[in-house]
Amino acid sequence: MGLARNRHSSRPGQGDVLEHFADAELVEHGATTVVLSKGMWERLEVAPSTLVWLRDKGVEVRVLQTEEAVKCFNELTEIVPVGGLFHST
């Protein structure tokens with residue numbers, strides 16, 4: 001199972017913002033695209049291993065600034081099975 005691990009790039013070493021994000025659950029429920037946000041100020045990063053894990057499962061991944069991610073997610077809900085994780089700050 002893959003784990004999404006987002007880090008605040010401005011504070012390396014502070015640990016993961018999210019310990020356990022259920023990528024596997026999104027995939028098990030049929031998401032073919034996952035939208036992940038980098039936060040309002042784009043200070044979050046997604047671990048490369050998360051991106052690889054999702055792509056290896058055939059899932060398209062979009063990593064965007066939060067407002068862009070929400071807009072993208074809303075548009076995608078009309079056309080593909082999509083899951084998302086959005087950071088509000």
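Predicted model only: the values in this text are computed from it and were never measured. The first residue in the sequence is number 1, and the count goes up from there.
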Heavy-atom nearest pair, Leu36 first then Ala69, reads O-CB, 4.3 Å
Can any side-chain N or O of Thr66 pair as donor or acceptor with the backbone N or O of Gly39 at less than 3.5 Å? yes
List the residues meeting side chain to side chain donor-acceptor pair (under 3.5 Å) with Arg62, not counting sequence neighbours, and say none if there are none. Glu60
Validation: residues 72-86 side-chain donor-acceptor distances under 3.5 Å, sequence neighbours left out:
{"residue": "Asn74", "atom": "ND2", "partner": "Val70", "partner atom": "O", "Å": "3.3"}
{"residue": "Thr77", "atom": "OG1", "partner": "Asn74", "partner atom": "O", "Å": "2.7"}

Decide yes or no for Thr50 and Val52: does some side-chain heavy atom of the first lie under 4.5 Å from some side-chain heavy atom of the second? no
Consider only side-chain heavy atoms of I, L, V, M, F, W and Y, link residues closer than 4.5 Å, and tell whether Leu64 and Leu54 are in one cluster. no
Rounded distance (nearest 0.5 Å) linking atom CD of Glu42 with atom CD of Gln65: 5.5 Å
Within the structure provided, determine whether Val61 and Val63 are in side-chain contact (heavy-atom separation under 4.5 Å). yes
Show which residues join Trp41 in its hydrophobic cluster (side-chain heavy-atom contacts under 4.5 Å, direct or indirect), or state none. Met40
Cluster check Leu26, Val46: I/L/V/M/F/W/Y, side chain < 4.5 angstrom: yes
